[in-house]
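Encoded as structure tokens, the structure appears first; notes follow it.
Reckoned from all heavy atoms, side chains included, excluding hydrogens, waters and symmetry mates.
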Amino acid sequence: MVQNTMATPLTAMSRSDLLGTIMREHRDGLVSYAEKMLGDHGLAEDIVQEAIVRAWRNIDRLIGMEGSVRGWLFTVTRHLVIDWVRKPHARREVLGDTYNDPVSGTDGTEAVHDALVVRPLLRRLSPEHRAVLVHIYLCDRTIQETAGILGVPAGTVKSRQHNALRKLRAVVRREAA
């Protein structure tokens with residue numbers, strides 16, 4: 001039998017304790033893993049949060065699992081990162097001039113390439129502007145949801161979105177010239 005690689009055996013803990021144990025034992029490693037792939041700590045935290053929600057939804061499966069819970073979590077996190085990278089609206093809105101049709105039958109390498117291009121562009125923005133773009137375009141949140149998460153008025157979110165996209169377009173145009 002393969003060990004579950006958790007300090008506390010899953011069979012010895014209640015369902016309510018499992019989420020806390022997963023957070024305590026695996027969250028930092030998962031965030032680090034996702035951040036290495038994405039280059040964005042905030043987005044990595046969002047993705048890990050979704051992975052943990054999926055763990056909660058599959059709690060019965062995890063409790064009876066004979067494999068590695070850590071491996072399961074890292075696999076789910078990797079799939080969430082891949083799903084994010086493949087989102088066409090994220091690439092289209094951030095890059096402006098380039099858009100790859102997801103139905104074109106590409107093998108995914110263009111999506112990875114685009115993610116590698118987007119990461120350095122996002123680093124050029126202030127943390128406030130970057131946070132708005134990540135929440136709206138990469139996490140599929142509305143302006144109202146983003147405002148609530150960031151604790152700022154919706155008008156501020158709209159302004160930051162507009163200014164961030166304007167700056168990114170200018171950078172892309174300048175570098176393309």
- Shared ILVMFWY cluster between Ile82 and Met37, side chains joined below 4.5 angstrom? no

- Please answer: with hydrophobic residues joined when any side-chain heavy atoms are less than 4.5 Å apart, are Val53 and Leu73 in the same cluster? no

How close do [X] and [Y] get, counting heavy atoms only, and between which atoms?
X	Y	result
Ala131	Leu150	CB-CD2, 4.1 Å
Ala154	Ile143	O-CG2, 3.7 Å
Ala44	Glu35	CB-N, 3.4 Å
Glu50	Arg57	OE2-NH1, 3.9 Å
Val157	Val132	O-CG1, 3.7 Å

Hey, could you give me the [atom1]/[atom2] distance between [X] and [Y], rounded to the nearest 0.5 Å?
X	Y	atom1	atom2	value
His129	Arg166	NE2	CZ	8.5 Å
Trp84	Asp140	CH2	CG	11.5 Å
Asp28	Met23	CG	CE	9.0 Å

- Task: List the steps, then state whether side chain to side chain contact (heavy atoms under 4.5 Å, CB included) holds for Val81 with Arg78.
- Result: CA-CA 5 Å; Val81 167; Arg78 182 173 50 85; 5.7 Å; no

- Task: Output, in order, the C-alpha distance, side-chain angles, deciding distance and verdict of side chain to side chain contact (heavy atoms under 4.5 Å, CB included) for Thr146 and Gln161.
- Result: CA-CA 11 Å; Thr146 301; Gln161 175 190 17; over 6 Å; no

- Run the side chain to side chain donor-acceptor pair (under 3.5 Å) check on Arg24 and Thr21 step by step: do they pass? CA-CA 5 Å; Arg24 189 173 49 259; Thr21 301; 3.3 Å; yes

With a 4.5 Å cut-off on side-chain heavy atoms, are [Y] and [X] touching?
X	Y	result
His79	Val76	no
Arg54	Leu80	yes
Arg141	Asp46	yes
Arg27	Glu45	yes
Arg160	Val152	yes

- Item | Candidate list Leu133, Ile136, Leu125, test side chain to side chain contact (heavy atoms under 4.5 Å, CB included), partner Leu165, passing option | Leu133

- May I ask you to decide if Gly155's main-chain N or O and Ser159's side chain share a donor-acceptor pair within less than 3.5 Å? no

